Asker: 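Take this structure, written in structure tokens, and hold onto it; I'll ask about it next.
None of these values were measured; they are calculated from a predicted model.
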Amino acid sequence: MQSEWCRKLTGYISLGVIIISWVSQAEFSEYLEKNGSGSEFNHPFYIVWMNHSCMSFFFILAALKVKCLGTQGEGTARNTSIRVYLQASGLSMKTYVQSALALGFLYLIPNYLWFLCLGMDVSVGIVTAIFNTSAAAAYIFSAVFLKEQLDWKKNIGVGFSVLGAFLSSKATNAADMFNPAALWTLLAATLYGLWEVLYKKYAVKNTTTPLLLMFILGSYGLVHL
């Protein structure tokens, strides 16, 4: 009875915190945009950094759920240890921390490069178009790390997506596509595509439980914070 009550309470608290978190982020971001003119905090990267850092709440909620419920109902003995829970999911604490840090920073770097390039002498359309080529990078990396088969249908699809991104940028001349900002953006797109594939390979698998996913997302938030 107590376990059922604890489970429901934890679920309601988790849902409430998630809703409050996302609404607060949106409201605070809108406040900065409307009232923060001239402030160092009225900056796109700061707002995105804040939103990503708030993913730390997922880690706290997951830890509370493990402490309250253990791993009951997931095929392992009841416990209240995060370390034991991770081991039951096939992860040692060392592997989990290393993966969280590596994937977290790999997620942060392309986002930082993206906003860095926006401040350079290049149009937003060019930066956006080049960053959208991350789909092509992910496609190539998926063949390398996930052993996915390349076929002509996928090749055509990726080709059209990249071509469409560049056509939508309305570049005035070829020089716009080969300046330092464009090259840095291409690196950001490549790293983002790499992150997507490594995230799929090492973080989200067919056996990944929602609770473990909350730990992973929360770790990303801690890395950003």
Asker: With rounding to the nearest 0.5 angstrom, report the OG to CD distance, S142 to Q149.
Answerer: 10.5 Å
Asker: What's the separation between atom SG in C54 and atom CG in L225, rounded to the nearest 0.5 Å?
Answerer: 8.5 Å
Asker: Can M55 be reached from L198 by stepping across I, L, V, M, F, W or Y side chains whose heavy atoms are under 4.5 Å apart?
Answerer: yes
Asker: Indicate, with yes or no, if L186 and L116 share a hydrophobic cluster defined by side-chain heavy-atom contacts under 4.5 Å among Ile, Leu, Val, Met, Phe, Trp and Tyr.
Answerer: yes
Asker: Can you give the donor-acceptor pairs under 3.5 Å from side chains of residues 56-63 to other protein atoms, not counting sequence neighbours?
Answerer:
residue, atom, partner, partner atom, Å
S56, OG, S53, O, 2.7
S56, OG, G221, O, 3.2
S56, OG, L222, N, 3.3

Asker: Are F141 and L187 connected into the same hydrophobic cluster when the rule is that any two of I, L, V, M, F, W, Y join if their side-chain heavy atoms are below 4.5 Å apart?
Answerer: yes
Asker: Name every donor-acceptor pair, under 3.5 Å, that has one atom in a side chain of residues 98-112 and the other anywhere in the protein, sequence neighbours excluded.
Answerer:
residue, atom, partner, partner atom, Å
S99, OG, T95, O, 2.9
N111, ND2, Y107, O, 2.6

Asker: Please find the pair of heavy atoms, one from F215 and one from Y96, that lie closest to each other, and give the distance.
Answerer: O-OH, 3.1 Å
Asker: Verify side-chain contact (heavy atoms from CB on, under 4.5 Å) between L191 and W195, making sure each step is shown before the conclusion.
Answerer: CA-CA 6 Å; L191 292 176; W195 169 81; over 6 Å; no
Asker: Group every Ile, Leu, Val, Met, Phe, Trp and Tyr by side-chain heavy-atom contacts under 4.5 Å, then state whether M93 and V223 land in the same group.
Answerer: yes
Asker: Within this structure, what is the CD1-CH2 distance for the pair I130 and W114, rounded to the nearest 0.5 Å?
Answerer: 10.0 Å
Asker: Got more than 12 heavy atoms from elsewhere within 6.0 Å of OH, Y202?
Answerer: no
Asker: List the atom of E196, the atom of A138, and the distance in Å for their closest heavy-atom pair.
Answerer: OE1-CB, 3.5 Å
Asker: Return the minimal non-hydrogen interatomic distance between K201 and F145, and the atom names on each side.
Answerer: NZ-O, 3.4 Å
Asker: Do I140 and I156 share a hydrophobic cluster, counting only Ile, Leu, Val, Met, Phe, Trp and Tyr and linking them when any side-chain heavy atoms are less than 4.5 Å apart?
Answerer: no
Asker: How close do A137 and A189 get, heavy atom to heavy atom, and via which atoms?
Answerer: CB-O, 4.0 Å
